[in-house]
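We're numbering straight along the sequence, starting at 1.
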Amino acid sequence: GSQVAAMVELNCETDFVARGDEFQEVAKDVAMHVAALRPAYVSVEDIPQEIIAKEEEIMLESLNEAQKAKADKILPGKMRKYYEESVLLSQPFVKDDSKNIQQLIDELSAKVGEKVSVRRIICMQVGEGIEKKKENLAEEVAATIGD
């Protein structure tokens, strides 16, 4: 509906590969994926350490006493789930959920014979970031009547 735009910087080593149909198709697919799922980060390494610490803290608080005793075994699975929700390369591909975006990129690298990587992503929605002016209808009517 022309309400969302996504851009993906997909890097490779040569112009020849970048202009190829397979590369272009994967770039479009990844951009579509970004528009659909709106990941916050490209890779796990991009997540600030304080965000990871905060997520782990929230997850620990949600555990009951019996689970807290096994937190070292439970937390990695919960963090993996968080990464699947927030990190592009960890997310299942929207067109084929049997593989994640990292596997899609790795397959492309193997096909074209050179390293391909996602450098950055951005997703914007119409009206996003615009502060809506808060209006009080009762005050507006009272001001109009008072004039």
Asks: According to a hydrophobic-cluster definition based on side-chain heavy atoms being under 4.5 Å apart (Ile, Leu, Val, Met, Phe, Trp, Tyr only), do V112 and F93 belong together?
Replies: yes
Asks: Say you draw a straight line from CG of N100 to CG of L88; how long is it, rounded to the nearest 0.5 Å?
Replies: 9.5 Å
Asks: Quick one: does L108's side chain get under 4.5 Å of E22's, heavy atoms only?
Replies: yes
Asks: Considering non-hydrogen atoms only, spot the tightest contact between A35 and C123 and give its length.
Replies: CA-SG, 3.8 Å
Asks: Grab the two heavy atoms, one from V30 and one from L104, that are nearest each other, plus how far apart they are.
Replies: CG2-CD2, 4.0 Å
Asks: Between H33 and I101, does a side chain to side chain contact (heavy atoms under 4.5 Å, CB included) hold up when you go through it step by step?
Replies: CA-CA 9 Å; H33 178 95; I101 297 296; 3.8 Å; yes
Asks: When you measure from the side chain of E55 to the backbone N and O of Y82, does any donor-acceptor pair fall under 3.5 Å?
Replies: no
Asks: Check for me, please, whether Y83 and I51 land in the same ILVMFWY cluster - side-chain distances under 4.5 Å, paths through other members count.
Replies: yes
Asks: First locate atom CZ of R119, then atom OG of S43, and finally report the distance between them rounded to the nearest 0.5 Å.
Replies: 12.5 Å
Asks: Atom NZ of K78 and atom CG of L75: how far apart are they, to the nearest 0.5 Å?
Replies: 8.0 Å
Asks: Decide yes or no on side chain to side chain contact (heavy atoms under 4.5 Å, CB included) for L10 and S117, but give the supporting numbers first.
Replies: CA-CA 6 Å; L10 192 62; S117 62; over 6 Å; no
Asks: Would you give the length of the straight line joining atom OG of S109 to atom CD of Q103, rounded to the nearest 0.5 angstrom?
Replies: 12.5 Å
Asks: Count the heavy atoms of every other residue, nucleotide or ligand shown that sit under 6.0 Å from CE of M32, and state whether that count exceeds 12.
Replies: yes
Asks: For the hydrophobic clusters of this structure (ILVMFWY residues joined by side-chain heavy atoms under 4.5 Å, transitively), does one cluster hold both V118 and V17?
Replies: yes
Asks: CD1 of I74 to CD of Q67: how many Å apart, nearest 0.5 Å?
Replies: 5.0 Å
Asks: Do I47 and L60 share a hydrophobic cluster, counting only Ile, Leu, Val, Met, Phe, Trp and Tyr and linking them when any side-chain heavy atoms are less than 4.5 Å apart?
Replies: yes
Asks: Please say whether more than 12 non-hydrogen atoms of neighbouring residues, nucleotides or ligands are located less than 6.0 Å from CG in N64.
Replies: yes
Asks: Using a strict cut-off of less than 4.0 Å between a Lys/Arg side-chain nitrogen and an Asp/Glu carboxylate oxygen, indicate whether E107 and K99 qualify as a salt bridge.
Replies: yes
Asks: Linking I/L/V/M/F/W/Y whenever any side-chain heavy atoms sit under 4.5 Å apart, do I52 and L63 land together?
Replies: yes
Asks: Can you name the closest pair of heavy atoms from L37 and P92 and give their distance?
Replies: CD1-O, 4.2 Å
Asks: Would you please test E114 and T14 for side chain to side chain donor-acceptor pair (under 3.5 Å) and show each step?
Replies: CA-CA 8 Å; E114 61 183 62; T14 64; 3.0 Å; yes
Asks: Taking atom types as modelled and ignoring hydrogens, do the side chains of R38 and Q125 form a donor-acceptor contact shorter than 3.5 angstrom?
Replies: yes
Asks: Atom NZ in K115, atom CG in N11: separation rounded to 0.5 Å?
Replies: 8.5 Å
Asks: Report yes if some heavy atom in the side chain of V87 is under 4.5 Å from a heavy atom in the side chain of P39; otherwise report no.
Replies: no
Asks: Donor-acceptor pair, distance only, cut-off 3.5 Å: does the side chain of S62 make one with the backbone of M59?
Replies: yes
